[in-house]
2 protein chains.
Amino acid sequence: MKKEKKAPVCEVEIVDEKKVAQAQKKIADTDQVLEMAEIFKLLGEPTRLKIVLSLINSELCVCDLAAAVDSNVSTVSHQLRLLRNARLVKYRKDGKMVFYSIDDKHINDAIEKIKEHTEE
Amino acid sequence: MKKEKKAPVCEVEIVDEKKVAQAQKKIADTDQVLEMAEIFKLLGEPTRLKIVLSLINSELCVCDLAAAVDSNVSTVSHQLRLLRNARLVKYRKDGKMVFYSIDDKHINDAIEKIKEHTEE
DNA sequence: CATACATTTGAACAAATGTGCAAGTGTTTG
DNA sequence: CAAACACTTGCACATTTGTTCAAATGTATG
């Protein structure tokens, strides 16, 4: 009745193989999981989240954005680059000014859901 | 026609006061913004996101969770503590085993939205 | 074309964070 | 009650990350 020797800390053995397999299917697409994590991470930093929230109503130039989130232009510009790279925001140039806005409405929806979560 | 001396880098001046004020209203509730950022940050780390995704279908014990996300029990336990503290997951004890599950459906919805974003 | 200005970028640094090991806790079971 | 086991926790370490300063880029304008 005794099985092989068991690992000292549950590391190899699986208790419920079916549920594990089911869970693994949920995270099978590694690239997608990483991409989702990337987006959550970007929204998970106060300055960046404030930037995104500030842009929900209307586009803003970098200068006004810095004023809105109470930071400075350099910091905001650095963070905007990250948001840009991940396509969370897009921009429009007008002379020497650059206006940023939100790139995708799903972001708004996701933010709304998390907001609901915090409002309980 | 000249105004006072302007700051060398746009730091004090505001271009569109109305839009800035509107944006600031969006982020006026600092505590809520920080709480939202906290949740996004938690979901923004691959191991933790995998844990949460794994729990969407059914509760899992720590051991199976570690197997599912291809990590080890210690790491998973550390991350579960963070998820627990933020009330993203809850747990149920059964003998020496502990079963974790998702604490709030808003999380699922938010994840779904971000997933849609990545699927374009 | 020189100056002013909005924005971007690079470098440097402190602070935060994820991971793994080893030891600790608590529960079952022979 | 001792051994086995699932899980948690403290510590240490390497890595990542957000911010700031200073310099660079690009655009308008007198």
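Chain A is the first sequence line, chain B the second, and so forth, proteins listed ahead of strands; every chain is numbered from 1.
Taking only distance into account, the side chain of A:S74 meets the base of D:dC21 through a donor-acceptor pair shorter than 3.5 Å. Between the side chain of B:S71 and the base of C:dT19 there is no donor-acceptor pair of N/O atoms closer than 3.5 Å.
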Report all side-chain donor-acceptor pairs from residues 39-55 of chain A shorter than 3.5 Å, counting only partners two or more places apart or in another chain.
residue : atom : partner : partner atom : Å
A:E45   : OE1  : A:T47   : N            : 3.2
A:E45   : OE1  : A:R48   : N            : 3.1
A:R48   : NE   : A:L42   : O            : 2.8
A:R48   : NH1  : A:Q79   : OE1          : 3.0
A:R48   : NH2  : A:K41   : O            : 3.3
A:S54   : OG   : A:K50   : O            : 2.8

I'd like a table of donor-acceptor pairs (distance under 3.5 Å, sequence neighbours excluded) in which one partner is a side-chain atom from residues 14-26 of chain A, with atom names and distances.
residue : atom : partner : partner atom : Å
A:D16   : OD1  : A:K18   : N            : 3.2
A:D16   : OD1  : A:K19   : N            : 3.2
A:K19   : NZ   : B:E59   : O            : 2.9

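Checked against salt bridge (Lys or Arg N to Asp or Glu O under 4.0 Å), B:R84 has no partners two or more places apart in sequence or in another chain. Among residues two or more places apart in sequence or in another chain, the side-chain hydrogen bond (donor to acceptor under 3.5 Å, both in side chains) test is passed with B:D104 by A:H117. For A:Q32, the side-chain hydrogen bond (donor to acceptor under 3.5 Å, both in side chains) partners at least two apart in sequence or on another chain are B:T118, B:E119. In terms of the side-chain hydrogen bond (donor to acceptor under 3.5 Å, both in side chains) criterion, A:E35 has no residue partners (sequence neighbours excluded). For A:R81, there are no side-chain hydrogen bond (donor to acceptor under 3.5 Å, both in side chains) partners two or more places apart in sequence or in a different chain.
Contact check of residues 77-92 of chain A against DNA chain D (heavy atom, cut-off under 4.0 Å) returns A:H78, A:Q79. Within residues 40-60 of chain B, the residues approaching DNA chain C are B:K41, B:E45, B:T47, B:R48, by heavy-atom distance under 4.0 Å. Scanning residues 30-38 of chain B for heavy-atom distances under 4.0 Å to DNA chain C yields an empty list.
OP1 or OP2 of D:dT8 lies within a sub-4.0 Å distance of a side-chain N or O belonging to B:Y100. Residue A:T75 places at least one side-chain N or O closer than 4.0 Å to OP1 or OP2 of D:dT20.
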Write out a two-atom table: protein N or O, nucleotide N or O from nucleotides 28-30 of chain C, distance below 3.5 Å.
none

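The ring pair (Phe, Tyr, Trp, His ring centres under 6.0 Å) analysis of residues 71-92 of chain A, with sequence neighbours excluded, yields the pairs A:Y91-A:Y100.
Within the model, atoms CG of B:L34 and CD of B:E38 stand 9.0 Å from one another, a figure rounded to the nearest 0.5 Å.
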